[in-house]
Amino acid sequence: MIQGLNLRPCADKDKPPRIFHHRTTNEYLQECAYIMRKIRLSRQNDPSRQPQPRKVLLYGSNKNSSSIESRGKSKKVDSINADAFSGMRKLRLLQLDNIAVKGNYKEFPRSLRWLCWHKFPYKCLPDGLPMEKVVALEMRYSRLHHIFEGNKLLSALKILNLSHSKGLFCTPDFSKLPNLERIILKYCTRLTEIDKSIGELQRLLILNLRGCESLRKLPGCISNLHSLEKMILYGCSKLVWSSLELGKMHSLRELDAGGTAANQASTSIIKKHSLSLGLCSSVPSPRKAPGVVNLLTTVSQTLVTLSLTGCGLSSDLIPVELGDFSMLRKLFLSDNPIRSLPQSIKGLTNLRILELERCEELNYLPEIPNSVTTLSIWKCRSLERLPYLPNLLTTLDFLALCCNKLIEIQDMFQLKCISSCDADLISVLGFPNLGFLSDTKVDLYNNLTLTRWESPIQGLYEFGIFSTSVHGSELPDWLSYKSTGSSISFDVPSRTNHDIQGLNLYVIYENASKCYCTRRNKFWNEFHVRVANKTKDLRWTYSPTIQGLPHNGKDITWLSHWEIGDHLDTGDSMSISISLYSGARLKGFGIHIVYKQNENNSRCKASPPAHHLINGVDISAYQVLGSYFLCHHDFDIQQNCSTYGWNSTGWYDFLFGDNSEDFPEEMAPRHNAATTSQNVYGLLSGVEDDKTWPLP
């Protein structure tokens, strides 16, 4: 009654093995062979006698088989007798792993549809093995040199997978396999030729020759494969395919020619019917890149996927007409020494994925299309500035880890040396001598790129808020309000002939002797400030992209200026609180109200201010149910909450609630960045030498 059988001689390390009556696979199969021989003998003596059906499905091996083998009491199972299968008339699916089947295949099941024989131990398939009905033949990691001794007609076979068969040097006569749809010969490293009968396979959809490093040519008749949709030649480093007329293959959708002799490519090998071209080359030599680019300039503009990973491309080798590929959806340019991309990339209005990972010389990226949903610039260590990133708060998956020098994203944030910042703005902070401290260095941390470096004092412009980090351990005496706690509440006082310009915040913190895990940083371990005008029901929660870190026993004073005078009136009830990351301890917190002279001696405002403006900067995109979540590095919070709702996820109360510690467990937010950071500041605080760290 068995229809599916999976046999392995030893325990699979990835799965817990199953037990069959506390006996090893070898014992069971030998018993099967013995029983089947007895049954055949009994039938000869009494033909009317019918055997009782055995309903057995064996998977894996005895859990003790590997341990027994290690003690030398049992040898690894590597062979069984073909008689063990002779009674399985309904067997359709058979998987063998590193097992030799010996004996006569005369009684072997002829109902097989799928035969998966990993690590096949023979040089060719046995003559007697019945395969007339086999649809899928998978023999990965086999010892095959060739498949058949003679000519067998296997009209049912549709899938042939001989991947990693390193002894295979030729393919079979495909005229005997007329209905093949998939040929997978990945990493058959000794394969030198493809039989020219492959041109007769009119139903072939996929031809995968990835890593066939000894393959030198393909038969010219391969251009007759009018049904072929995908051909992978990646890693066929000796292959010369310039003479092929692939343009005749009208159904071809994907061609991966990475690592091939691309510099020999003909300028007419690909026509408009090719919708996907992969040129993921492992060849680092730039001298071969022009051939790839010549190929690129001649392919159709109807490409859907374009991969030029690791092709040694420089900026001048990327055609400026790249934007003409209007159908392009995926563009992979990683591992190339490019410095910039052409401005025409903005014309790729259907582009969804743009990958520029490990392009360590990239220092400029033009404006990208609004359609992009994935942008990866991981380890682009020379990149300093980025254009405006559309859809960052809605659909864009942005990865910028280890971009050490990234200091600006247009219309989002900008980091400048303190000596280059506005002197009046520095004076408003109450520290007019900061500009003379440009040689003083502090440790800075970029929450977006997760990198830390030592730098002269910098000023951060973000959301209309200006902030900087300096060494310091004492709050000025002239502050309006001071506290050793994490929150300050007050009513805005009046001042004769003066209008309120804004607020200055002063936060002093040091490295904690241990990481403090409060309920708040358990879910979001980020430095952030919450400013609330309770009278006007206005709330801002701000987490800076870049801030200073204590180092070598030196405390950090974080200074910030909020020009929100238009949103403050005398008597307004204010509440301001600070939350640190778990690796820091608060030493002091102060607020100072900044006034400006009222030249008209009038306290009346001409018109009600727009709530979504801070110092003229529009923050309406960051509005959350009337409040504002000002954060660029954890943009996935906005994305998740836009989809599932701020109230349903619990994030609104978490970010804007009056009591920062009363966060209900059942409403605990689930945020990817919080879990991946894993108290990253606490980890960094103990590291002295390396100034750049990836994710823990």
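Sequence positions, counted from 1, serve as the residue numbers for this chain.
Other residues, nucleotides and ligands contribute at most 12 non-hydrogen atoms within 6.0 Å of the CZ atom of R143.
Taking NZ of K186 as the start and SG of C212 as the end, the distance is 10.5 Å to the nearest 0.5 Å. Residue F332 holds its CZ atom at 5.0 Å from CD1 of I353, rounded to the nearest 0.5 Å. Put simply, CE on M231 and CD1 on I183 are 11.5 Å apart, with the number rounded to the nearest 0.5 Å. K176 NZ to D195 CG: the interatomic distance, rounded to the nearest 0.5 Å, is 11.5 Å. Of the inter-residue distances, the one linking K102 atom NZ with D83 atom CG reads 14.0 Å to the nearest 0.5 angstrom. Between atom CG of residue L341 and atom CG of residue L331 there is a gap of 7.5 Å, rounded to the nearest 0.5 Å.
L356 is listed as a side-chain neighbour of I338, based on a closest heavy-atom distance under 4.5 Å. Using a 4.5 Å cut-off on side-chain heavy atoms (C-beta onward), T171 and L160 make no contact. For the pair Q95 and H118, the minimum side-chain heavy-atom distance is below 4.5 Å. Looking at L112 and F85, their side chains never come closer than 4.5 Å, going by heavy atoms from C-beta outward. With contacts defined as side-chain heavy-atom distances shorter than 4.5 Å, the pair L215/K238 does not qualify. A heavy-atom distance below 4.5 Å is not found between the side chains of M139 and I147. Side-chain atoms of L153 and P178, non-hydrogen and from C-beta on, do get closer than 4.5 Å to each other. At a threshold of 4.5 Å between non-hydrogen side-chain atoms, the residues R182 and K158 do not count as touching.
Among all heavy-atom pairs drawn from L185 and I194, the shortest one is CD1-CD1, 4.4 Å. The two residues L201 and L225 have their closest heavy-atom pair at O-CD2, 3.3 Å. What you find for L233 and L218 is that their closest heavy atoms are CD2-CD1, 4.1 Å. Minimum heavy-atom separation, I345 to E367: CG2-O, 3.8 Å. The nearest pair of heavy atoms linking I377 to C403 is O-SG, 3.0 Å. When all heavy atoms of S326 and T349 are compared, the pair lying nearest together is O-OG1, 4.5 Å.
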Side chain to side chain contact (heavy atoms under 4.5 Å, CB included) evaluation trace for L91 with L5: CA-CA 8 Å; L91 188 64; L5 187 61; 3.9 Å; yes
Evaluate the side chain to side chain contact (heavy atoms under 4.5 Å, CB included) criterion for residues L154 and L137: first the C-alpha distance (whole Å), next the side-chain angles of each, then the deciding distance (0.1 Å), finally the verdict. CA-CA 11 Å; L154 303 182; L137 179 61; 5.7 Å; no
Trace of the side chain to side chain contact (heavy atoms under 4.5 Å, CB included) decision for D97 with K119: CA-CA 6 Å; D97 193 344; K119 301 180 182 178; 4.0 Å; yes
Side chain to side chain contact (heavy atoms under 4.5 Å, CB included) evaluation trace for C402 with W378: CA-CA 6 Å; C402 300; W378 179 55; 4.0 Å; yes
Ring pair (Phe, Tyr, Trp, His ring centres under 6.0 Å) between Y141 and H164: does it pass, once the steps are laid out? CA-CA 5 Å; Y141 298 95; H164 299 275; 4.4 Å; yes
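At least one donor-acceptor pair under 3.5 Å links the side chain of S315 to the backbone N or O of S340. At least one donor-acceptor pair under 3.5 Å links the side chain of N104 to the backbone N or O of K106. Between the side chain of S214 and the backbone N or O of L191, no donor-acceptor pair lies under 3.5 Å. Judged by distance alone, the side chain of R113 and the main-chain N or O of S111 form a donor-acceptor pair under 3.5 Å. The main-chain N or O of Q639 is found under 3.5 Å from a side-chain atom of T643 such that the two form a donor-acceptor pair. Of the possible polar contacts, one joining the W117 side chain to the I99 backbone as a donor-acceptor pair under 3.5 Å is found. A donor-acceptor pair under 3.5 Å is absent between the side-chain atoms of S371 and the main chain of R352, judged by distance alone. No donor-acceptor distance shorter than 3.5 angstrom exists from the side chain of N391 to the backbone of L396, with no hydrogens or angles considered. Using modelled atom types, no side-chain atom of E213 and backbone atom of R210 make a donor-acceptor pair closer than 3.5 Å. At distances below 3.5 Å, at least one donor-acceptor pair connects side-chain atoms of T192 with backbone N or O atoms of F169.
Side-chain polar atoms of S376 and E357 form a donor-acceptor pair below 3.5 angstrom. Judged purely by distance below 3.5 Å, without hydrogens or angles, the side chains of S142 and S165 pair a donor atom with an acceptor atom. For the 3.5 Å distance criterion, the side chains of W114 and E138 qualify, holding a donor opposite an acceptor.
In this pair, F120 and Y122 present their aromatic rings perpendicular. The plane angle is above 60°, beyond the 30 to 60° band.
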